[in-house]
Amino acid sequence: MRDHEYTRRHLMMNSFVVLGAAAVSGGAFAGGVALGRSDLSPPEEARPGTAEEAWSALMRGNRRWAAGRGRHPHQSASHRRAVAVRQAPFAVVLTCIDSRVSPEVVFDVGVGDLLVVRTAAHTIDPLVRGAVEYGPADLRAPLVVVLGHRRCGAVTHAADALREGRRLPGDLQRIVEALRPVYSSDVEQMIRAHTGATVARLRADPLLRGRAQVLGALYDLASGQVARLT
């Protein structure tokens with residue numbers, strides 16, 4: 001009996017040691033399943049304060065996304081509660097409505113990091129321009145990114161309509177007219193030209209000048225990589 005009692009106590013002590021080690025290493029037990037560090041939110045990063053720092057942060061996130069190693073930062077419950085009180089996004093991203101181009105995913109950022117403005121082929125009008133202005137003018141976001149993307153359906157359809165002299169139904173024709181100045185038979189070239197033209201228009205905006213750096217970039221749908229254009 002004494003040997004049996006010793007064995008039982010020895011096994012209990014070993015169990016406590018294992019549980020203690022799991023707690024120290026950041027693990028937890030829920031329903032009998034061990035949870036490691038990978039199940040916890042990543043550490044929060046400081047908000048970039050300059051355009052250069054903001055672009056570097058976006059590119060670090062994009063490299064993680066393209067490599068399949070996204071960290072999904074700033075998505076914890078505590079961060080959600082913090083930004084519910086006050087937001088301080090570090091960049092504005094003007095991009096297309098394409099379902100495959102979600103800036104928070106492409107740049108591996110989280111809640112409160114970006115102001116995102118999306119239109120078909122990132123076309124702009126006074127209302128869209130005002131939405132872009134809001135970030136630097138009211139929230140002091142130091143960077144504006146115009147993000148074009150390869151294989152853009154809106155640009156492709158506009159190019160086809162312009163080449164064939166067709167008028168698209170409803171307000172779709174407004175997209176065609178917005179892209180008419182950069183028409184090219186080479187759709188990829190047209191996408192780049194339109195991105196550059198949009199950057200030029202925003203750089204000339206008096207409310208953005210001196211408040212934020214405006215740059216253009218191109219997203220590759222297949223590789224997941226973002227490349228700077230201007």
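Source: prediction; values computed, not measured.
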Smallest separation among heavy atoms of A159 and V187, with atom names = CB-CG2, 4.2 Å

Qualifying residues under side-chain hydrogen bond (donor to acceptor under 3.5 Å, both in side chains), relative to D205, sequence neighbours excluded = none

Tell me, do L172 and V176 make a side-chain contact under 4.5 Å, heavy atoms counted?
-> no

State, with a plain yes or no, whether a side-chain heavy atom of D113 is found less than 4.5 Å away from one of E104.
-> no

Salt-bridge contact R174-E177 (side-chain N to carboxylate O under 4.0 Å) = no

Atom pairs and distances, donor-acceptor, side-chain atoms in residues 135-155, under 3.5 Å, two or more places apart:
{"residue": "R150", "atom": "NE", "partner": "E188", "partner atom": "OE1", "Å": "3.1"}
{"residue": "R150", "atom": "NH1", "partner": "D220", "partner atom": "OD2", "Å": "3.1"}

Heavy-atom side-chain proximity of C96 to V101 below 4.5 angstrom | no

The side-chain hydrogen bond (donor to acceptor under 3.5 Å, both in side chains) partners of R201 (sequence neighbours excluded) come to none

Residues at least two apart in sequence or cross-chain that pass side-chain hydrogen bond (donor to acceptor under 3.5 Å, both in side chains) with Q225, listed by chain then number, are none

Which residues share a side-chain hydrogen bond (donor to acceptor under 3.5 Å, both in side chains) with R163, sequence neighbours left out = D160

Heavy atoms, side chains only, cut-off 4.5 Å: are Q87 and L115 in contact?
-> yes

Sequence neighbours excluded - ring-ring contact (aromatic ring centres under 6.0 Å, His included) pairs with any residue from residues 186-216 = H122-H194

For the pair R118 (side chain) and D98 (backbone), establish whether a donor and an acceptor sit closer than 3.5 Å, ignoring hydrogens and angles.
-> yes

